Amino acid sequence: MLELNAVDSGYGETQVLHGMTVTAQAGRVLAILGRNGAGKSTTLKTVMGLLPAKAGQITFEGRAIGSGRPYDIARMGLGYVPETRDIFRSLTVRENLELAAKRFPAPPGGWTMARVLELFPRLGERMANGGMQLSGGEQQMLAIARALLMNPRLLILDEPTEGLAPIIVKLIHDRLMDLKRTGLSMILVEQNFGFATSLADDVVIVSKGQVVWTGTPDEIRADAEAQHRWLGV
Amino acid sequence: MQADLGFWVLQGLNALQLSMLLFLLSVGLTVIFGLMHFVNLAHGSLYALGAYAAATAGAAIGFWGGLLVAPFAVAALGVVLYLVFIRRMRRAGPMAQVLVTFGLIFVMLDLTRIVWGAQALSAPVPALLDGRLTILGVEYPAYRLFVIALGLAIWGVLALVLGRTQIGAMIRAGVDNDSMAACMGIDVEKMFFLVFCVGCALAGLAGAVAAPLLSVTPDMGLQILIPTLIVIVIGGLGSLKGAIAGSLIYGVVQTFGAVLFPQFASILIYGLLAAVLILRPAGLFPAKG
Amino acid sequence: MLETRNLSKSFGAIHVTRNVSLKLERGERRVILGPNGAGKTTLFNQLVGEITPDEGQVFLAGEDVTALSVQARARRGLSRSYQKNTLFDGLTVEENLGLAASVTHGHWHNIRYDSLTRRDVQDTVREVAEQVRLMPYLHARVSDVSYGVRRQLEVGVALATRPLVLLMDEPTSGVGPEMAKGFHDLLNDLPRDLTLLIIEHDMDLAFAVADSITVLNYGEVVFDGSPEEARGSSLLKDIYLGAWEDA
Amino acid sequence: QAEDIKVGLLLPFSGVYAALGEEIETGFRLGLDTFGEGSGASFEIVREDSEASPPVGLAKTRKLVMQDKVDVMAGVVSSGVLGAIRDVVDGAKVPLIVANAGNDEATGEACSPWITRMSFSNQQVNRPMGKYLVDQGITKVFTIGADYAAGQQMIGAFAEAFKAAGGEIVGQEFTPFQKTQDFGPFLAKAKSSGAQAVYAFYAGGEAISFVKQYDSFGMKDALPLYGAGFLTSQLYVDAQGRAAEGVVTALHYVPTIDNEANRQFVEAFKVKAGHLPSEYAVHGYDAARALVEAVKSGATDRETLGAALQKTSFDGPRGATAIDPATNNIVQPIYVYQIVAGEGGAQTQKVLSQLPAEADPVNGCEMALIN
Amino acid sequence: MFRHTSLRFWALGLIAAAAVLRALTAEYFGVEMVAEIAILAILVIALDMVAGFGGMVSLCHGALMGAGAYAYAMLTVKVGLAPSAAFAGAIAITGAASWLIGAVCGRSHGIYFIMATLAFGQMGYSLVFEQPVFGGDDGVSGVPRIDLSLIGLDLNDPRTFAFACLFVLGLVYWFATHVLQAGLGRTLTGIMHNEQRMRALGVNVWRIKADMFGLSGMIAAAAGALAAQHVMFVSPGLLNWTVSGEALVVVILGGLGTIIGPVIGAIAFVMLKHEVSAHTDYWHLVVGLILIAVVMSRANGIFGWLEQRLSRARPSSARDVIAHQVRKDLAAQGALEDA
Ligand SMILES: Nc1ncnc2c1ncn2[C@@H]1O[C@H](COP(=O)(O)OP(=O)(O)OP(=O)(O)O)[C@@H](O)[C@H]1O
Ligand SMILES: Nc1ncnc2c1ncn2[C@@H]1O[C@H](COP(=O)(O)OP(=O)(O)OP(=O)(O)O)[C@@H](O)[C@H]1O
Ligand SMILES: [Mg+2]
Ligand SMILES: [Mg+2]
C-alpha cells in the first residue's frame, strides 16, 4: 500500500533518514518502533510531504508521492495524527472536528461525528471549548478523532498514547483494534511496546534513520536481545 | 449652537461616514493582518493606488466603471506583491514584515509619483449621487450616505462568509498551523493567496470610494495608515467585530473631538489607544485564540 | 511546607478544580495521578500563581501566598517544571541554568557586572548540572540537544532556583523507557529535604518515588494515601488504570 | 570674459511638497533661459533636495555654502526650512532668493540683508481681503485654516484687517495640519455659526478636499467661500473641478492676469511644462530674473550679488514688482479672482479686481544695506 | 546574549579608525556626515538594546530621540539653562518618559507592542506639533552647542563637533554592551527567549523591561540632544513615526542584536542615502528596494551575514528568536516549527 524505498530526508542540513526502506501492506497494521530520535517521526513527516525526500521513492497504492504537497497527499487518503497533535487552537473542538467531517463525507459505515463522540465521550463534553483549552490527553483524543473523520485509507499515528492515562490508552487500543478488524491499514509509531505489539501485524525497528529489524510481534516479543539492543527495554 | 439637534445629527452622520471609510480600509487590513498574521504597512499605499486607479479609469469610463476597476487593479498588484514578497515573508515574524512593507510604502509612493506625477488628481462624484438628501431634517450629501451604505453592506457580506461558512474555519485553521491544515487536505497556499487578494481588493475599493471625497495625492496612503492601524489595534486584530467597533470609536472620537475639544483632538485618539492597550492588551475584540 | 485549602477554579461551566485541599510536609514526595483533563496541570498553575483560583488559598511554608504574583512565589521558594518544555531555546544549557541561578542569588537586576560569571552562580550551575546529569551538555545550545536532555534541563532550570518546593509536570513525558529509568535515579538523588510534587503517568516511576499519592478526577481529590494503598485501590483502577496494566 | 555664477537651488523634490519643487524649478530654469542670454554670464545650478524637512534643508544648505561654495542660493518652499537655514545664510553672507516660503518673520523680525523674497508674505496676500470683504457688504465671517504657522499668519492677517475695516469674526477654526481629510465636522460648525461668508486658507491636497467637501454640503449658495488664493490655485483647480466655481480668493498671481509679460510667460511655460503656470512657477521664474538682472548690473560674487538683489525691480507677469529696501520683501499687486467655468468646461480664474501693491509693515526688521 | 567575539572587536576597531580618519581628512560635508552617522548610530544602538536583546521592537525611538532634542532645545532656548545642564536634563526627562512607556507597553507583545509604541510616539508628535510652546511646525531655532572652551574645544567647528559625536558614540557603545552583559541585560535576553519561564523563576518582568526601555530612552535622548546641537534647530518632523521606522530599518540593515551591526547599518544607510539622492529624486524608491532585499535575504543584516561567513559558531540571532517567539504564539508548536 505504502512503500518507502531508500529514502533520505532530514531537517535543512541535518540528514536524519539514511536510505529508509519500509513497506506498509494494505489491510495490515505496521508498527514502527525505535528509541527517541531514531527517526520515526521524521519518516512519517516525510511521507506526509512535510519534509522533502532528498533521495529515494515513496509510493502510495502504486502512485509516486515523493515530492507531493501535504494537501495532495492527504487527499489521496492518508490520515495523519502528529506527535505534537497540532490542534487548531483558535477553533473550537466542534470546529476542529467539522473541518474534517464536513469536507470528507463519510462513506457508508465510515466515521461520523456521532461515532467519534461515542469513541471519545470526553470530547462531547468539550465541544464548545477552544482547541487550546484542552488538556494534553484531550488534545490527543481530538487529534485521533479528527483524523478518523477524514475517513482515510491509511491511518498514520505518531505516538497516539503519549501522555495518556492508562484507561484511555486501553480505550484507544480497543478502538484501534476494532478499526483493524474493519480492514483499515495503519502505521503506528510507538514507545509503548505492549501497546504496539498487541496491535501490529508487522513490526519494524528503526535506528539512526534506517530499518534495523523486521518481523512480527511474536518474533520481537521473543527476541529479548533485539529488544534490549534496539529499544533499550 | 451645540443644543441644536440638527447639528448633532449632522455630526453623527459625519462620524458614521468617516467610520465606514475607515472600516472599508481596515477590514482589508484586518483580514490580512489578523487571519494571516501578516503585518502589511503598505495597505495604505494600496488604498492610494485604488484611488488613482479609480480616478484614472473614472475619467475614461465614468465613476461606476472606476469603482469596479479599482479593486481589480489593486488585487492584481496584490498578486504581484504576494508572489514576490509576501509569500516568502509569511513566517518571518512581525518585525521583518513591518520593515519590508515599510520599504514598500516608499517604493510605491515614488512609483505613483513617477506614473501619475506629484500633483493632485480628482475623481468627480457620479451624477446619481451628486445631490443631497434630507434625513432627520438635515441635508446631507448623497455620496456620503452611499459610503455609509456600502460600508454596512461589505460588513454584512464578510460577517456571513467568515462566520457562517466552512471557508472561515479553514482560514483560521490555516492561520493556526498551516502544515497541519495542509495535512487535512486544505490548500493553504491558495487560500492565503485568495485572502490576500481580497484584502487588497478591499483596500482598492476604499481608495475608489474615497477618491471623490478627498483629493488623490501620492501621500494619501501614508496619511490614512496610522488611523487605520489605530482602528485595528483598538478593535483587536483579525476580528470583523473589532474592525467595525474600532472604526466607529475612531469616527466618533475624531469627529466629536475635533468639534468639541479642538485643541486635544489628535491627542485624544492616541490617548484612547494607549488606554485600550493598557486595559486590554489585545484590543477590544481580539480574534478567538 | 505547601498547603492548599479548598482550591476551586472553573472555566465557564467547567469546574477544573473543586475544593482541592492538599498538605505536603517538608521533604515529602507526592505524586499526583489522574486521567487526562482531571485538572492536574491547572492545579499546578494555581499553586504557582499563573492562574488565580476562584476560591481557596495556597500556603507556602505557613504563609498565605494566594495573592502573590508568580515571581513573588518563585522567590519564596516555589519552583516548577512544565509539561511542555519551556526553555530558553537559543541559549546554551549553561546559560539556561545560569539565568535561573542568577535570579536565585539576586544578580538579575544589576547593571554593574555579569551575573553569569559570578562565583555563586557558577557553583550553582555546576551543582545542578551534576544533579540532573547535564555536565556533558553545558556548552551545547538547547535547540541542538535531544529531547530527553531537554526534559532533564527542564527539571534542572527549576532546580537552579534552589527551591523549597519543586513541582514537576510529567517530567518523563515523551522520553523512552531507558531515559525514564534515568529519571528515576535522578529523582532519588535529589536532596531529601526538598519537597516534591510530581504529576506522572508512568506508574512504575510513580510508585517508585512517591511517599504518598493523590488522585484527581474531574478536579476533585478522590484518593489520598500511600503507594501501597493506591496499588490496592479499586477506585484508582476504575478511573485511571483500567484493565490495561496486564497487557 | 564670461562670468560663471554657481546657483544652489534648494527645493523639495521628494515628500509632500515635491509638486511645488518641480513647479518652481521649471519656472526658475525657464527664467534663466529667457533672461540669461544677454547677461554675459553662464549659470551653473547645483540642485539639492530639502525633502521639505528643516534638518535636511539645513544640512543641504551647509553643503551648498561650505562645500560647493555657491555664489547665490534660491528656492525654499517651506517656512520651516527657511527658519532653519536663516542663520546659516545670514552668517555665511550668501544671498538667498526665496522662491516660496511666506512666513512673515523672514522679512520681519528675522529679516536679513542676505535674504530677498521674490514670492509673497503670508500677510501680504490676505490683508487686502479684509477691506475687500467689508466693501462687498460682508461683515460676519467664519474663518477656517490649517493649524500651523502659515495658516495662523494668513488667517490672522485677514482677521485683523477685516476687524479694522469693521467686520466681525463669528467663529474661528484651525484644523490639524495635514491630518484632516474630512472637513465635514468643521463645515457643520461653520454652517451653524451665523456667518455671512467663510474665509479659508488651505493648500495642497487639503485645499482640494476642502473645496470639494464645501461644495458637496451645498454650502456655497448660503455661505459664499472666500479665502487666500492658494485655496483655488491653478495647481489644484483642475482637480477641484466644478466644486471651485464661484469661490473668490486673492493672490499675487493667476495665469489669467492681463499683461504682456504674463502672456509671454504663460506661452513659454506651457511649451516647457505642458500645463498653465501656477504662482509657484512664477516665483521660480521671477527669482531667476532677479538673479539675472543682478548679474547684468555687474554683480559677480556673493557680496555684489547680495547688494544688487536688494535693488531688484521690474515689470513681470505679476505687474510691477520690486524689493522693499526696508524688509527685502517683494512689493506686488494683489489680484482678487473668482473661479468660473471657461471655454470647454474647464475652470479658469476671472480677475475681479487688482488691489494696489502695498509694502508690509517693517515689523521689527532692521535692514542693513550691503555696501 | 551579547558576546564580544573577536570579529566584533575587529569591526569596532576598523570603524573607529575609519571614522577618525574621515573626520580628520574629509571636506566640510564629509565631516558633517560623520556627525550625522554618529548620531544615528547612537539612536540605533539604543533601539538594538531593547529590540535585539529584549524583543521589544519599538516604533517610538524616533519620538524618544525627538523628545531628547526638544527637551534640550527648550531647556536652553526657552528656559535658559546652560547647555551642559540641559543635556543632562534632556536625558533625565526622556529617560523617565521612556521608562513609563516601557512599563506600560511591556504587557503587550509582538505586533501589539509595535503598535503601542507607535501610539505613544505619535502622541508625542501631536503634542509637540500642536502645543504652541513648542513652536509648532516652525520648531525652535537658535539651539546652542555645549561650550567646551574651558578645555579648549570649540564645538561650533564642524570637525570638533564630529569628534565630540564620535566620543559620545564610543561612550554609548561601551555603556550599552556593558549593561547587556550585566545582570539586567542577561535577564532581559532571558525574557525575550521565554517570558513565562522567567516569571516562574522569580523575575519581575515588567520592571526589567521598563528599566531597559528607560536606559534605551536615555541613550536615544543623548542622540536627540546631539542632533539638536548638530542642526542647531529642532522641528516636529524629528518625532514622526517614519523616523522610528528608519531607525528600525538601520538596525535590521546592520544586524539586529549585535550592537556593532546597527552602527555599520548607520554608516551604510547614510552613505547610501546620500549617494542615491545625488543621482535621483526618487531615492526613496531605490533605498526602499535595497532595504526590502536586505530584510528578505535570510541573513541578519550586513553584520549578521559577515558573522555567518566568517565564524562557525554563530550566536543565535535575535531576529530568529523574535520570529520564533511569534510563531510559537501563533501555532501550537509542532509541524510549523520544523519548516
Ligand atoms: N525540527 C528539527 N530540526 C532539526 N533536527 C530535528 C528536528 N526534529 C527532530 N530532529 C532530529 O531528528 C532526529 C530524529 O527525530 P525524530 O523526531 O524522527 O525521532 P523519533 O524517532 O520520532 O523520536 P521520539 O521517539 O523522541 O519521537 C533526532 O536526532 C532529532 O534531534
Ligand atoms: N483556559 C482554559 N479554559 C477552559 N478550559 C480549560 C482551560 N485550561 C484548561 N481547561 C480544561 O481544564 C481541564 C483540566 O486541564 P489540565 O491541563 O489541568 O489537565 P491535566 O490533568 O493536566 O491533563 P493531562 O494529563 O492530559 O495533561 C481540561 O478539561 C481542560 O480542557
Ligand atoms: Mg517522534
Ligand atoms: Mg497536564
Side-chain angles (χ1 to χ4, degrees), chain B residues 1-2 4 6-15 17-18 21-22 55 106 109-110 113 117-125 129-132 138-144 210 212-220 222-224 226-227 251 254-260 262-263 265-267, chain D residues 12-23 147 170-194 202-213 215-219 222 234-244 274-275 278:
Chain B
M1 160 181 91
Q2 261 111 325
D4 170 12
F7 174 82
W8 291 100
V9 172
L10 195 55
Q11 298 297 24
L13 285 170
N14 278 331
Q17 185 272 142
L18 176 62
L21 185 60
L22 280 172
F106 291 108
L109 195 67
D110 270 359
R113 279 181 51 203
Q119 296 191 16
L121 295 187
S122 82
V125 173
L129 299 172
D130 203 6
R132 281 170 293 281
V138 184
E139 266 209 336
Y140 202 70
Y143 187 78
R144 287 178 174 236
L213 218 49
L214 316 171
S215 56
V216 182
T217 54
D219 61 317
M220 67 187 291
L222 206 56
Q223 282 181 25
I224 202 84
I226 301 277
Q254 189 62 29
T255 303
F256 287 98
V259 184
L260 302 178
Q263 60 277 42
S266 46
I267 295 174
Chain D
F13 296 113
S14 59
V16 280
Y17 290 133
L20 309 194
E22 240 168 57
E23 194 80 355
D147 192 6
V170 295
Q172 197 162 37
E173 197 68 62
F174 285 104
T175 61
F177 178 48
Q178 284 179 353
K179 277 196 229 148
T180 312
Q181 278 125 27
D182 186 7
F183 296 95
F186 308 104
L187 296 182
K189 224 173 159 177
K191 211 171 178 175
S192 54
S193 68
Y202 285 104
E206 286 184 318
I208 298 171
S209 305
F210 181 81
V211 169
K212 279 168 77 176
Q213 293 178 19
D215 177 53
S216 83
F217 274 91
M219 290 177 55
Q234 177 58 37
L235 218 44
Y236 320 129
V237 75
D238 285 343
Q240 288 162 339
R242 279 191 13 241
H275 58 260
S278 63

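Here is how names work: the chains are called A, B, and so on, in the same order as the sequence lines, proteins then strands, and each is numbered from 1. Here the structure is a predicted model, which means the values were calculated and not measured.
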Closest heavy-atom pair and its distance - [X], [Y]:
| X | Y | value |
| --- | --- | --- |
| D/Asp182 | B/Leu18 | OD2-CB, 4.1 Å |
| D/Lys212 | B/Ser122 | NZ-CB, 3.9 Å |
| B/Ala120 | D/Ala239 | O-CB, 3.9 Å |
| B/Pro141 | D/Ser216 | CG-O, 3.3 Å |
| B/Arg144 | D/Gly184 | NH1-CA, 4.1 Å |

In terms of heavy-atom proximity below 4.5 Å to chain B, should D/Ser14 be classed as side chain, backbone, both, or neither?
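Both backbone and side chain.
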With a 4.5 angstrom heavy-atom cut-off, is it the side chain or the backbone of D/Asp238 that approaches chain B, or both, or neither?
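Interface part for D/Asp238: backbone (N, CA, C, O).
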Chain D: which of B/Gln17, B/Gln223, B/Arg132 shares the most heavy-atom pairs with it under 4.5 Å?
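Option with the greatest count: B/Arg132.
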What part of [X] lies closer than 4.5 angstrom to a heavy atom of chain D: side chain, backbone, both or neither?
| X | result |
| --- | --- |
| B/Pro212 | backbone |
| B/Tyr140 | side chain |
| B/Asp110 | neither |
| B/Gln11 | side chain |
| B/Thr255 | both |
| B/Leu214 | both |
| B/Ala210 | neither |

Option in D/Ala243, D/Ala188, D/Gly21 with maximal non-hydrogen atom pairs under 4.5 Å from chain B:
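The candidate making the most pairs under 4.5 Å is D/Ala188.
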If you count heavy-atom pairs under 4.5 Å with chain B, which of D/Gly204, D/Pro185, D/Ser209, D/Ala19 comes out on top?
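Most heavy-atom pairs within the cutoff with chain B belong to D/Pro185.
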Evaluate whether atom CZ of D/Arg242 has more than 12 neighbouring non-hydrogen atoms of other residues, nucleotides or ligands under 6.0 angstrom away.
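Open: at most 12 neighbouring heavy atoms sit under 6.0 Å from CZ of D/Arg242.
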Hey, could you give me the NZ/CG distance between D/Lys189 and B/Leu260, rounded to the nearest 0.5 Å?
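So the gap between those two atoms works out to 7.0 Å.
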Quick one: CG on B/Leu121 to CD1 on D/Ile208, what's the gap to the nearest 0.5 Å?
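B/Leu121 atom CG to D/Ile208 atom CD1 measures 8.5 Å (nearest 0.5 Å).
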Can any side-chain N or O of B/Glu139 pair as donor or acceptor with the backbone N or O of D/Phe217 at less than 3.5 Å?
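Looks like no, no N/O pair under 3.5 Å.
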